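Below is one structure; the comments refer to it alone.
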Amino acid sequence: MANPPTEELVQQWESEQTRLREQVVEQDTEPWQKSPDFSGLERVAGVDLSFIKGDEVNACAQLVVLSYPQLEVLYEESTMVALTMPYMAGFLAFRETPSLLEALKRLRCNKPELMPQVVFVDGNGVFHYREFGIACHLGVLSGIPCVGVAKNLLQVEGVYKDEEHQSQIAALQKGGDSFPLTASSGKVLGKALRSSEKSSKPVYVSVGHKISLDTAVRLTHSCCRYRVPEPIRQVMTNGLLLLHFARL
DNA sequence: GCGACAG
DNA sequence: ATCTTGTCGC
C-alpha cells in the first residue's frame with residue numbers, strides 16, 4: 001500500500017489545483033480545431049495506467065500515439081512504475097501525472113516528430129470538484145492540448161446520477177448525441193456523450209487544456225470505434241496485456 | 001451522521 | 001483500477 005497523504009499535504013494539493021486552474025485554457029488554440037473535419041490533425045495520443053488486481057502500488061504506465069484519422073498505431077511505450085500516493089477521488093493527478101509526464105518527455109526526446117497534437121486522458125478535466133482534474137493537470141504541465149474522458153460519472157456540485165440524469169441518458173438516441181453537465185453555478189463543466197451507435201452508457205467528456213468543450217466532444221466522437229475512444233482503448237488493452245505477460 | 005467518491 | 005463466463009441480441 002502507498003502511504004496515505006497527511007492532511008497538510010492534501011491541503012497543499014488543493015491549493016496547487018486552484019492555483020494551476022488559472023492557467024487552463026478552455027478555448028481552441030490550434031488551427032485544426034476549427035476545421036470541420038480536423039484537417040491538419042495527424043497525431044492523437046492516449047495515456048493511462050494499468051494495475052494488477054490486488055496491487056495498488058505497481059502499475060504499467062502507457063503512452064500510445066495514433067495517426068488521425070486512420071487511428072493506426074505510430075508509437076507505443078510502456079514503463080513499469082511504483083506509485084507513491086494512493087488513489088483519492090479528486091486527487092487522481094497526484095498519483096498518475098508524474099509517470100505520464102515522464103512518458104511524454106521520453107517521446108519528445110526520442111521521437112519528437114511523433115509528439116501528439118492532442119492527448120486523451122483517462123479521467124476528468126474541468127469536470128472536477130475544483131475544476132482541475134487530471135486532464136487539466138497533464139495539459140497545463142505539458143502544454144499540450146488535452147481532453148478528459150471518464151467512463152463513470154463523478155458527482156460534482158449540481159450533477160448527480162439521479163432519475164433526471166438517467167432520463168437524459170435515455171434520451172441520447174444516436175452516436176454523437178450529448179447533453180451538458182451543468183454545475184449549480186450554471187457553468188457547463190462537461191458533456192455526457194453517446195460515443196457510439198450501440199452503447200447506451202455514455203462517456204463523460206470535459207476540457208483538459210487548449211481546446212473548447214464543443215471541439216473536445218466532436219473530436220472524441222470522431223475517435224470512437226466503440227464506446228471508449230480509440231487512443232484510450234488502445235492504451236488500456238495494451239497495458240493489461242503487458243501486465244499479464246510480465247506476470248508469467 | 002450518512003452517502004458519495006474519476007482511476 | 002481489477003477479477004470473470006456465458007449469454008442474449010443484432
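Letters A, B, ... are given to chains in the order of the sequence lines, protein chains preceding strands, and every chain is numbered from 1. Since the structure is predicted, the reported quantities are computational estimates derived from the model, not experimental observations.
Using a 3.5 Å distance cut-off with no hydrogens or angles, the side chains of Q33(A) and T215(A) do not pair a donor with an acceptor. No side-chain donor-acceptor contact under 3.5 Å links S212(A) and Q27(A). A donor and an acceptor atom, one from each side chain of S15(A) and T18(A), are nowhere located under 3.5 Å apart.
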Anything under 3.5 Å between a donor and an acceptor, one on a side chain of residues 87-109 of chain A, the other on a protein residue two or more places apart or in another chain? List them.
from, atom 1, to, atom 2, distance (Å)
R95(A), NH1, E56(A), O, 3.3
R95(A), NH1, M85(A), O, 2.6
R95(A), NH2, E56(A), O, 2.9
T97(A), OG1, A93(A), O, 3.0
R106(A), NE, E77(A), OE1, 3.1
R106(A), NH2, E77(A), OE1, 3.4
R106(A), NH2, E77(A), OE2, 3.1
R106(A), NH2, T79(A), OG1, 2.9

Side-chain donor/acceptor pairs under 3.5 Å, residues 170-182 of chain A, sequence neighbours excluded:
from, atom 1, to, atom 2, distance (Å)
D177(A), OD2, Q173(A), N, 3.0
D177(A), OD2, K174(A), N, 2.9

Exercise. If the sugar-phosphate is the primed atoms plus P, OP1 and OP2 and the base is the rest, what is the B/S/- string for nucleotides 1-7 of chain B, using protein heavy atoms under 4.0 Å?
Worked result: ---SSBB

For this session: Mark up nucleotides 4-10 of chain C, 5' to 3', with B wherever a protein heavy atom is under 4.0 angstrom from a base atom, S wherever such an atom reaches only the sugar-phosphate, and - elsewhere.
Result: -------

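Among residue pairs with one or both ends in residues 42-52 of chain A, none qualify as side-chain hydrogen bond (donor to acceptor under 3.5 Å, both in side chains); sequence neighbours excluded. For residues 159-169 of chain A, there are no salt bridge (Lys or Arg N to Asp or Glu O under 4.0 Å) pairs, not counting sequence neighbours.
Figure legend: cation-pi geometry between R218(A) and F38(A), with NZ or CZ positioned under 6.0 Å from the six-membered ring centre and within 45° of its axis.
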For this session: With side chain to side chain contact (heavy atoms under 4.5 Å, CB included) as the test, would you mind laying out the steps for F127(A) and V205(A) before giving the verdict?
Result: CA-CA 8 Å; F127(A) 186 56; V205(A) 180; over 6 Å; no

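Y226(A) meets the ring pair (Phe, Tyr, Trp, His ring centres under 6.0 Å) test with no other residue; sequence neighbours excluded. With sequence neighbours left out, the side-chain hydrogen bond (donor to acceptor under 3.5 Å, both in side chains) criterion links S196(A) to S199(A). Applying the side-chain hydrogen bond (donor to acceptor under 3.5 Å, both in side chains) rule to K151(A) yields the partners D122(A); only residues at least two apart in sequence or on another chain are considered.
Consecutive pairing runs in DNA chain B never reach the stem threshold, where a stem means at least three Watson-Crick or G-U wobble pairs with distances under 3.5 Å.
With hydrophobic clusters built from ILVMFWY side chains whose heavy atoms lie under 4.5 angstrom apart, L240(A) does not share a cluster with I52(A).
For the segment residues 204-234 of chain A, no residue has any heavy atom less than 4.0 angstrom from an atom of DNA chain B.
For the side-chain contact (heavy atoms from CB on, under 4.5 Å) with K210(A), the lone residue among V24(A), I144(A), T29(A) that qualifies is T29(A).
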Problem set entry | Intra- and interstrand pairs of DNA chain C - dot-bracket, Watson-Crick/G-U under 3.5 Å, | marks other strand | ..........

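One finds the CG atom of L242(A) at 11.0 Å from the OG1 atom of T237(A) (value rounded to the nearest 0.5 Å).
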